[in-house]
Amino acid sequence: MEKQKIGFIGLGRMGGPMSSRLLAAGYDLTVLDVNSAAMDALAGKGAKRAASAREVADESDIVITSLPKPDIVLQAALGENGIAQGQRAKIMLDVSTTGPSTARQVAEGLARTGKQWVDCPVSGGIKGATEGTLALMVSCPSATYETIEPLIANFGKAFHVGEDAGLGQVVKLANNMLAAAAIFLTAEAMAMGVKAGVKPGVMLDIINLSTGRNSASQDKFPKSVLPGTFDFGFATGLSYKDVRLCVDESETLGVPMVGGALVRQILAITQSKYGADSDFTCMAKLIEDWSGVEIRG
Ligand code: NAD
């Protein structure tokens, strides 16, 4: 069977390695990014360049988007020269974290032009994107899932969450709120121990063998906080966006999210102090600053 032709819009920290994996797997790939250097890198590996989202959809059966914010996804899908206007593509598969309401809005807009939306937010960071070990949270009709399954197997392990647009996004927002909360609370716990005189490495080793262990203590602190590099690979601005979307969705559903709202404010302060482009491990830097102690080792 002839391989599907794929379009990829947004070749950043996640989209760059994910699209490279598709080229390596032999897919015919058409790419678009507002950053021409990102396009050059993929064109150098054999991808075709496009000048608009519509052109990507004219050239591809399935268009994948990996874009930073909901309004950018909306524009790429339904805006002028957007994916909805493309002739060939029947499916738009969004691996960005855009939230359920954007997912539903884009799904409705695409349906008017006979195209199918697929929510496919991912987790696992740049390492997972590079190695093809992401967790994929997919929601779309079962028939569409069968069509996309071989394609998304290149990115990692897929879970078909349900059929309705936005369900994959709900799972993703819940996960990212938890991931951000883990950094914030681990920083508070570590700052207390270190200020009292415990060595940071010893404290982390104990937590990681005990009931307090979490994704921040096991991964983010050893890699990016103890060395003081604050470079784990996920932007504060994106984490803030995710937690904001999470708390908003929770409120819409009538589910109180007191802890999530707190994490949202910690991210707002981290962003105003270190900038939206800083790494989200800078939440720990904020706690260090408030505590007058550095968690290094
Ligand atoms: P990024 O900022 O590195 O990449 C986004 C890319 O989109 C950039 O190359 C940018 O130039 C491009 N872009 C922006 N506007 C565009 C437009 N109008 N048309 C075409 N290209 C445009 O971000 P990222 O870290 O790769 O994240 C992408 C998405 O994946 C986000 O929604 C994020 O929340 C999600 N995500 C990120 C991670 C991570 O660890 N970085 C993990 C899971 C999910």
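FYI, side chains are in, hydrogens and waters are out, and symmetry mates aren't considered; it's all heavy atoms of this structure. Just so you know, ligand 1 is whichever comes first in the structure, and atom 1 is the first atom listed for that ligand.
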- Message: I'd like to know if Arg264 and Asp248 make a salt bridge, using a cut-off of under 4.0 Å between side-chain N and carboxylate O.
- Response: yes
- Message: Can a donor-acceptor pair be found, under 3.5 Å and without considering hydrogens, that links the side chain of Ser272 to the backbone of Ile269?
- Response: yes
- So does Lys127 pair up with Glu131, basic N to acidic O under 4.0 Å? yes
- Message: Can you tell whether the side chains of Lys273 and Asp289 come within less than 4.0 Å, N to carboxylate O?
- Response: yes
- Heavy-atom nearest pair, Ser215 first then Ala182, reads OG-CB, 4.1 Å
- Message: At less than 4.0 angstrom from any atom of ligand 1, which residues have a non-hydrogen atom? List them by chain and residue number.
- Response: Ile9, Gly10, Leu11, Gly12, Arg13, Met14, Asp33, Val34, Asn35, Ser66, Leu67, Pro68, Ile72, Ser96, Thr97, Val122, Gly125, Lys172, Gly233, Phe234, Leu238, Lys241
- Task: Give the other cluster members for Leu173, using side-chain heavy-atom distances under 4.5 Å between Ile, Leu, Val, Met, Phe, Trp and Tyr residues; answer none if it is isolated.
- Result: Leu245
